[in-house]
Amino acid sequence: MEILIVEDELEIANLIKLYLEKEGFTCHLCRDGIQALTLAAQVQPDVMVLDLMLPGLDGLEVCARIRQQPGAKDPYILMVTARGEEVDRIVGLSTGADDYLVKPFSPRELVARVRALLRRSLRQGGQSPQYQSPHFQVDPSQRTATRLGHNQPPEALNLTTLEFDLLATFVSYPGRVWTRTQLIERLWGDDFYGDERIVDAHIARLRKKVEPDPSQPSFIKTVIGVGYKFEDAPDPEADAQSDALHG
Ligand code: CA
């Protein structure tokens, strides 16, 4: 397992490296955002521990650019911030981080978070069936998601690992209402240490990618006071056409 640590404070960087190496991870270090992008492309890390305040490009920008790289291995990104107030920015803006930690944190907590992210990826390893709804096809073994449209060619969706897992969860249980806690249990298992608001951030990002109008979701609906549910029905035009064919 390869971990890329992006941190400009050398003392913290070395401490993180020391603890992760003790756990058997291979660590790569760099100190600024530009270098981080180059190194991420070379190393293809499983996890990036990414400081928010960096010289060159800041952590948010690095995160956004990593998520935009098409076809590259999609690393888990654990964002590290020095100030609690920044958490709202990380969670609220659709940054693409999978989890975050506020400084000062104990190295033990960081190791636990990294392990939690990696355990998620191991759990995803098994064979699982494909799921399909009128507008989506999800293949967990290939980790591909496709949007199907009436009168449109199928479109491959470019999702992060967590967005993919959320969509697969929704499509495999159409109509089911999920609380945030249930989604966390399903996506993170018992390894979740963060804040339930991270679920809303992932939902917001997923909506941007799958909803024709993210402000008026037609698939991933908010159930007020409870959580979320996925609903998908065939397009009315498609019904009309099949009626015409059969009539
Ligand atoms: Ca910094």
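Order of appearance sets the numbers: ligands from 1, and atoms from 1 within every ligand. Keep in mind it's a predicted model, so treat the numbers as computed, not measured. Side-chain atoms are counted along with the backbone in the values below, which use heavy atoms only and exclude waters and symmetry mates. Residue numbers count from 1 along this sequence.
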Q.
List the residues meeting side-chain contact (heavy atoms from CB on, under 4.5 Å) with Q142, not counting sequence neighbours, and say none if there are none.
A.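 Checked Q142 against side-chain contact (heavy atoms from CB on, under 4.5 Å); matches are D139, T144.
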Q: Check side-chain contact (heavy atoms from CB on, under 4.5 Å) between V177 and all other residues, then give those that pass, not counting sequence neighbours.
A: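 By the side-chain contact (heavy atoms from CB on, under 4.5 Å) rule, V177 matches V223, V226, K229.
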Q. Would one find more than 12 heavy atoms of other residues, nucleotides or ligands at under 6.0 Å from atom OH of Y173?
A.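 Counting neighbours around OH of Y173, 12 or fewer heavy atoms of other residues, nucleotides or ligands fall under 6.0 Å, so no.
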Q. Under 3.0 Å from the Ca ion (ligand 1), which protein atoms of type N, O or S occur, listed by chain and number?
A.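 Near the Ca ion (ligand 1), below 3.0 Å, one finds D8 OD1, D51 OD2, M53 O.
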Q) Between D32 and Q35, is there a donor-acceptor pair closer than 3.5 Å when you use the side chain of the first and the backbone of the second? A)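 Looks like yes, one N/O pair under 3.5 Å.
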Q: Please list, chain by chain and in numerical order, all residues satisfying side chain to side chain donor-acceptor pair (under 3.5 Å) with R31, sequence neighbours excluded.
A: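 Side chain to side chain donor-acceptor pair (under 3.5 Å) list for R31, sorted by chain: empty.
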Q: Using a strict cut-off of less than 4.0 Å between a Lys/Arg side-chain nitrogen and an Asp/Glu carboxylate oxygen, indicate whether R180 and E196 qualify as a salt bridge.
A: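 Not counted as a salt bridge, because no side-chain N and carboxylate O are separated by less than 4.0 Å.
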